[in-house]
Q: 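Here it is, the structure in full.
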Amino acid sequence: MAEVVFEGVSKRFARTQAVADLSLTVRDGEFLVLLGPTGAGKTTTLRLVAGLEAPDAGRLRMEGRDITGEPPSTRDVAFVFQQYSLYPHLSVYDNLAFPLRSPARRIPEDQVRARVTEIARLLHLQEKLDNRATRLSGGQMQRVAIGRALVRRPAIFLMDEPLSSLDAKLRAEMRVELKRIHRELGATILYVTHDQTEAMTMATRIGVLEHGRLVQLGSPREIYEDPINIHVATRLGSPSVNLMPRQLFPSVRVPEGAVTIGVRTEHVRIRKSANGAAVGRVRWIEHLGDQSHLHVTVADTDVITLADPHADLAVGDEVAIEMVAPLFFDASGERVRPGGNGR
Amino acid sequence: MTATTLAHSVVEPSGRSKGIAGTVIVVYAVISMVPLVWIFLTAFKSPSDSIAYPPKIVFHPTLDGTCNLFTTISRQTADYISSLPPPMNVCDRIARARNMVVAGPSNFVPRFLNSLIIAFGSTALSVVLGVTAAYAFSRFRVPAKDDLLFFILSTRMMPPIAVAIPIYLMYRELGLSDTHLGMILLYSAVNVSLAVWLLKGFIDEIPREYEEAALVDGYTRLQAFRKVVLPQATTGIVATAIFCLIFAWNEYAFATLLTSGQAQTAPPFIPIIIGEGGQDWPAVAAATTLFLVPILVFTVLLRKNLLRGITFGAVRK
Ligand SMILES: Nc1ncnc2c1ncn2[C@@H]1O[C@H](COP(=O)(O)OP(=O)(O)O)[C@@H](O)[C@H]1O
Ligand SMILES: [Mg+2]
């Protein structure tokens, strides 16, 4: 296992700047998740580490050694591709054994068998070893794909949205599974996804990517609670953070330059208003069982809050809103903090 | 009711349409088979039966044609023939009945071997060149790629025989006339453009991620090509090989022009088999029948791949 360092890495395709001046350290043993929408440059970032793309600028280091010009075969990385990871002409066993049988490695066949059997057990694939790779369900295929990475002990695992083709239930299982593998093997993992749940549940640290740029890097908690701009704030949290024009709340004290107030669902407190102190009206109540989402209209803006399902509120009620830990953003969407800039 | 009819017709053709399809196929097959059956029967007719009009459906089968195909015979006096030991085989006996003796083997077997060497040799060369070129065109940044591909295709736009005279002169100068190597190169030159285009289509459809996965796993580009790309391109390679083989095997015009002796292939040899008093049709028919066998065997052996390959990737997934 090893540390991987990006030093000002850039990659451009014709008209698209896929990765822009990326500087980032993937720490030894860390599960780093890069989170970004489609086209943010996630796949390109992984391909740069694997050596499948060459950067236009910048350097890549692994364990201190400069790997920028090295071919993929000597980099000692394992890649789980978004799709097409299994060789259709081989059995599950041969797919798992393929990385170990590389001429560069020359591992005796009995050791190959031992490793493959061990990984198959870890991923509950023992019974499928003789199947053709194409004769598996989507979930099994993806487990084999992950298994192909695990049979080696690479310096770093690169995973490109490995769960995106799975259904919700399997995805939840695999999240737990991957986290367990990370802990048991002490593996260094660079994982990219557009799924905030995957990022929040598995990451040691999250890097938010946008248009090839690393916008913010921090623990899931930091990114969630202390986003540096509106974009990052909306990327995490479901339902999404409420964004409201500052004018709706004349009574709230805001830092200079703030034009937007952001507040997360769980940070909105609702009170039935007495004697005309109302700011909003309950428009719709979404019952989710253990809790409810309250949709409140303030002027023309919809605010969603979490509410106790037993709260004594009904559609049409006038309510007062109180905000805990609001976030303030300026006209360009950057965060402004009370009491001056920075933290 | 309508829903079930629909579902049924989508999944499986109805009995009636299957019946119609079956009838059409049988009729077509019978029509296509008639010339083959006729040639096969002719191979066992006597020379006079073979040119009888109206054609004889029922006849006395003989091995005259087959014997004439494989042997050369010479006329001898009856005294000489009666002084010989008893005939050693059926061809001896047939010959002696007509006051002839078998003088030795004919040229048919060497010509047939020439055909095998040249057709399979040029097929192998075309496919090897085709698959490597197609891989490069599919995967690497080749300067002026589209122009090159068009140029390769354009070599097929003119009928090859249009350049027969220049090639004839060139081959004479280079000493390639009437050589195996010359014919292999010529047929490969014709076939390689087809091979590149067909195979590029197949290789384009193999996702790059497969090779990239192999590269990351420690394989070199060439090893990844061998272990990952080739196995997945088998279908395309087989289909391409069959197309190349059929062309090279049947080619007549260049073979007539450029081969006459040691490298002559079967197609120019077969029609000029002469027997007593002119064209020996039973021998020609026997040769034609045998000539069909290699392609038939090759195609039947690789039938499964061919069927998928000929749809040009449409149903490969
Ligand atoms: N080989 C390529 N050629 C041209 N453009 C590419 C290539 N690979 C990626 N891109 C472009 O670079 C951008 C980032 O792509 P990618 O890294 O695949 O994003 P993501 O994985 O986050 O969806 C996209 O706009 C994509 O169209
Ligand atoms: Mg991607």
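Here is the naming used below: chain letters follow the sequence lines, and residue numbers restart at 1 for every chain.
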Q: Any salt bridge (charged side-chain N to carboxylate O under 4.0 Å, His left out) pairs touching residues 155-165 of chain A, not counting sequence neighbours?
A: K42(A)-E161(A)
Q: Looking at D167(A) and R171(A), is any side-chain nitrogen of the basic one under 4.0 Å from a carboxylate oxygen of the acidic one?
A: no
Q: Do Q17(A) and R12(A) meet the criterion of a side-chain donor-acceptor pair at a distance under 3.5 Å?
A: yes
Q: Establish, from distance only, whether the side-chain atoms of T193(A) and E198(A) form a donor-acceptor pair under 3.5 Å.
A: yes
Q: Taking heavy atoms only and a threshold strictly under 4.5 Å, list by residue number the residues of residues 98-110 of chain A that touch chain B; give 'none' if the list is empty.
A: F98(A), P99(A), R101(A), S102(A), P103(A), A104(A), R105(A)
Q: Parallel, tilted or perpendicular: which fits the ring planes of F31(A) and Y191(A), with parallel below 30° and perpendicular above 60°?
A: tilted
Q: Are there residues of residues 67-76 of chain A that reach to under 4.5 Å of chain B by heavy atoms, and which ones?
A: P72(A), S73(A)
Q: Side-chain donor-acceptor pair under 3.5 Å between T265(B) and N114(B), yes or no?
A: no
Q: Do NZ/NE/NH1/NH2 and the carboxylate oxygens of E177(A) and R180(A) come within less than 4.0 Å?
A: yes
Q: How are the rings of H89(A) and Y87(A) set relative to one another: parallel (under 30°), tilted (30 to 60°) or perpendicular (over 60°)?
A: tilted
Q: Does the side chain of R115(A) reach to within under 4.5 Å of the side chain of R153(A), using non-hydrogen atoms?
A: yes
Q: Are T123(B) and S126(B) linked by a side-chain donor-acceptor pair shorter than 3.5 Å?
A: no
Q: Check the pair R47(A) / E212(B) against salt bridge (charged side-chain N to carboxylate O under 4.0 Å, His left out), numbers first and verdict last.
A: CA-CA 10 Å; R47(A) 292 174 60 87; E212(B) 291 178 339; 2.7 Å; yes
Q: Looking only at side chains, do Q232(B) and Y210(B) share a donor and an acceptor under 3.5 Å apart?
A: no
Q: Report, by ascending residue number, the residues of residues 216-225 of chain B in heavy-atom contact with chain A at a distance under 4.5 Å; give 'none' if the set is empty.
A: V216(B), D217(B), G218(B), Y219(B), Q223(B)
Q: Supply the atom-to-atom distance I184(B) CD1 to L176(B) CG, rounded to the nearest 0.5 angstrom.
A: 11.0 Å
